[in-house]
Amino acid sequence: MAPIISVKDLTKTYENGFEALKGINLDIEEGEVLALLGPNGAGKTTLISIICGIANKSGGSVTVGGHDITRDFRKARDMIGLVPQEMAVEVFEKVIDTVKFSRGLFGKGKDPAHIERVLRDLTLWDKKDNRIRELSGGMKRRVMIAKALSHEPRVLFLDEPTAGVDVELRKEMWDVMRELKKSGVTIILTTHYIEEAEAMADRVGVISKGELLVVEETDSLMKSLGKKVLEIELDKPVDDVPPALAQKGVTLSPTGKLVYTYDTAAEQTGITDILADLKKAGLRLADLSTKQSSLEDIFVDLVAQQKAEEDAA
Amino acid sequence: MNLTAVASIYKFEMARTFRSIFQSVISPVVSTSLYFVVFGAAIGSRIDTVEGIQYGAFIVPGLMMLQMLMQSVTNAALGIYFPKFIGTIYEVQSAPVSVIEIVMGYVGAAATKSMMIGLIILATASLFVDLQIQHPLAMLAFMVLTCISFALFGFIIGIWAGNFEQLNLIPMLVITPLVFLGGAFYSISMLPEAWQTIALFNPVVYLVSGFRWSFFSMSDVSVGLSLLAIAGFLILCLAVITWIFKTGWKLRS
């Protein structure tokens with residue numbers, strides 16, 4: 001199936017010469033949840049802004065549902081709902097009016113049943129006649145989602161949907177997203193929270209300094225996440241790994257620790273054997289520790305790697 | 001053409017107007033009444049007539065113009081500046097709407113509001129002075145053209161403005177003096193000759209003159225020239241707006 005969004009060699013250079021995007025290539029499949037991870041200023045929002053028509057691109061092309069975002073902007077934008085990062089609502093308006101306005105703006109005829117459904121799904125129906133300024137921060141964010149969903153988009157962009165919201169509300173937002181995914185909406189969300197990407201996304205893309213470093217299924221990232229590292233601190237540091245241990249894949253860390261990476265999901269982790277070998281080699285343990293590699297580590301590694309490559313260049 | 005979107009913006013903006021209908025109506029009525037007290041009764045009683053027209057009646061077209069220009073500019077400027085200020089502009093930018101549709105919605109609403117205010121002033125004025133409008137259709141046409149042109153001008157200011165101060169700068173520093181010097185309260189022929197020549201460079205002179213003609217069949221410059229001036233201004237504003245949206249100036253980074 002053709003991707004619902006296809007980004008090719010997309011570049012963006014601001015007037016001051018800042019290169020926000022350096023040739024992004026990305027295909028997004030219909031119905032998936034894609035999380036874009038990246039530090040501040042990585043280009044996540046710029047990427048979204050270009051796809052949604054808020055910023056102009058410098059080069060490359062983007063299609064949404066096969067429609068070019070520049071040549072065929074009406075058809076492309078028709079399919080997209082956007083919830084931006086910054087809170088922006090018409091505080092003096094009533095909830096229902098502002099949602100109806102959004103629908104009209106996208107050229108859709110009145111559909112009270114759909115509006116009611118959206119507001120009910122977001123538990124806003126009771127507040128529909130309230131002025132937006134009377135709502136809490138979380139409710140205001142829901143209003144923004146309701147506006148984005150008012151015209152029945154097939155793709156929803158959520159730019160940092162849970163930035164600055166409390167834990168409870170974050171969980172609520174996740175429930176909302178899951179419901180949306182069930183209804184077949186493709187969701188692209190940007191986030192700082194690794195936990196959010198892990199919980200929500202089918203695929204994770206990592207952006208740093210305007211480059212897409214990796215796009216991978218969250219599952220396969222989770223698999224590397226399933227790997228654990230055993231660090232063995234010895235009573236007396238050794239210069240070389242004893243051959244029996246080296247055979248099993250044990251390496252020596254710069255600090256003189258023995259390091260063994262294993263898969264927790266495997267039938268045999270091999271830890272018992274290693275401990276036995278240690279004893280045979282006459283080595284005494286000072287300490288043992290294990291740690292799990294998280295998406296965060298992968299992310300940090302990737303960004304660090306990119307920096308190292310840059311420094312080398 | 002996404003007419004639903006045009007209607008949505010228009011209705012949304014009009015709803016904003018009607019929410020503050022009291023301020024919208026009361027302020028022009030009060031200020032118009034004040035002008036009549038000052039210029040009509042106090043000063044006007046000593047002026048008697050200008051070119052054969054009661055002074056109180058003579059200033060009505062100018063007063064309407066003053067208010068309509070100010071209202072068109074400020075309403076349209078605020079209409080587009082406010083979403084920019086609170087950030088909701090993202091929605092218009094990401095919607096499947098073209099330049100012309102956005103402009104039609106915002107400018108249409110602003111022009112409608114200033115038309116309404118113009119008519120309210122006319123009604124208020126008719127309480128103070130005896131008015132006979134000789135070319136009512138021409139009067140309406142002048143009103144529509146003026147309101148639309150200056151609402152377009154206001155729209156440009158709203159996009160340009162980076163803060164509320166700048167938003168008020170042009171109406172205060174440009175529109176008010178141009179209207180006061182543009183013969184709103186006097187005939188250009190009452191000025192010394194040198195000033196008459198200078199006055200001809202003031203675009204508002206043509207507006208007021210043409211508008212006054214629709215009331216009294218008398219004007220400082222020919223009606224055709226007035227129409228040409230408004231049309232020229234309208235086209236200029238449209239050209240600037242087209243350029244703004246093409247380049248994304250101040251709207252799209």
Side-chain angles (χ1 to χ4, degrees), chain A residues 12-16 18 20 45-46 48-57 64 67 69 72-94 97-110 131-132 143-144 147-148 150-151 153 157 159, chain B residues 1-24 75 78-106 108-109 159 162 242-253:
Chain A
K12 171 72 181 178
T13 309
Y14 285 100
E15 263 174 34
N16 59 14
F18 176 67
T45 301
T46 304
I48 288 187
S49 298
I50 291 173
I51 300 175
C52 295
I54 290 173
N56 291 333
K57 61 180 196 241
V64 182
H67 309 292
I69 55 158
D72 224 352
F73 75 97
R74 281 184 205 267
K75 281 182 182 151
R77 291 185 197 172
D78 211 32
M79 300 175 68
I80 298 176
L82 167 66
V83 183
Q85 189 174 340
E86 302 284 332
M87 183 77 81
V89 281
E90 293 99 349
V91 286
F92 302 115
E93 302 294 334
K94 283 182 186 168
D97 290 341
T98 185
V99 176
K100 281 182 182 164
F101 166 72
S102 302
R103 186 178 170 84
L105 201 56
F106 277 75
K108 293 274 162 72
K110 287 187 182 129
R131 304 248 175 242
I132 294 174
V143 171
M144 290 175 70
K147 282 163 79 69
S150 65
H151 66 279
F157 284 90
D159 199 355
Chain B
M1 187 68 121
N2 187 347
L3 286 176
T4 316
V6 177
S8 290
I9 297 175
Y10 183 85
K11 270 193 274 182
F12 198 77
E13 284 297 296
M14 288 313 283
R16 205 162 57 82
T17 303
F18 283 114
R19 240 197 337 265
S20 54
I21 187 74
F22 191 67
Q23 291 110 290
S24 307
N75 284 327
L78 189 67
I80 190 71
Y81 179 74
F82 196 60
K84 232 176 63 175
F85 179 69
I86 61 171
T88 51
I89 187 85
Y90 81 85
E91 209 175 13
V92 178
Q93 290 172 318
S94 65
V97 291
S98 67
V99 186
I100 190 85
E101 290 151 4
I102 296 173
V103 171
M104 276 165 75
Y106 281 105
I159 287 177
T242 311
W243 173 82
I244 285 175
F245 279 88
K246 247 193 192 131
T247 58
W249 180 71
K250 297 258 185 182
L251 278 180
R252 286 191 168 85
S253 52

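What you see below is based on every heavy atom in this structure, not just the backbone, and it leaves out hydrogens, waters and symmetry mates.
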Query raised in the report: Is there a side chain to side chain contact (heavy atoms under 4.5 Å, CB included) between A/F73 and B/S98 once you walk through the steps?
Result: CA-CA 9 Å; A/F73 75 97; B/S98 67; 4.2 Å; yes
Report summary line: Most heavy-atom pairs under 4.5 Å with chain A, out of B/G105, B/A15, B/A95, B/G87, belong to B/A95
Query raised in the report: Hey, which of B/T4, B/V6, B/I102 has the most heavy atom pairs under 4.5 Å with chain A?
Result: B/T4
**Report entry** Engaged part of A/K57 at the chain B interface, taking heavy atoms whose separation is under 4.5 Å
**Finding:** neither
Requested in this report: Side chain from CB out, backbone as N, CA, C, O: work out which of these in A/I80 comes under 4.5 Å of a heavy atom of chain B, or both, or neither.
Outcome: neither
Requested in this report: Just give me the residue among A/E90, A/E86, A/M144, A/K147 that pairs up with chain B most often, heavy atom to heavy atom, under 4.5 Å.
Outcome: A/E90
Query raised in the report: Considering residues, nucleotides and ligands other than B/I86, do more than 12 of their heavy atoms fall under 6.0 Å from its CD1?
Result: yes
Between [atom1] of [X] and [atom2] of [Y], what distance do you get to the nearest 0.5 Å?
X	Y	atom1	atom2	result
A/L105	B/N2	CG	CG	7.5 Å
A/K108	B/S8	NZ	OG	12.5 Å
A/E93	B/R19	CD	CZ	4.0 Å
A/D97	B/R16	CG	CZ	14.0 Å

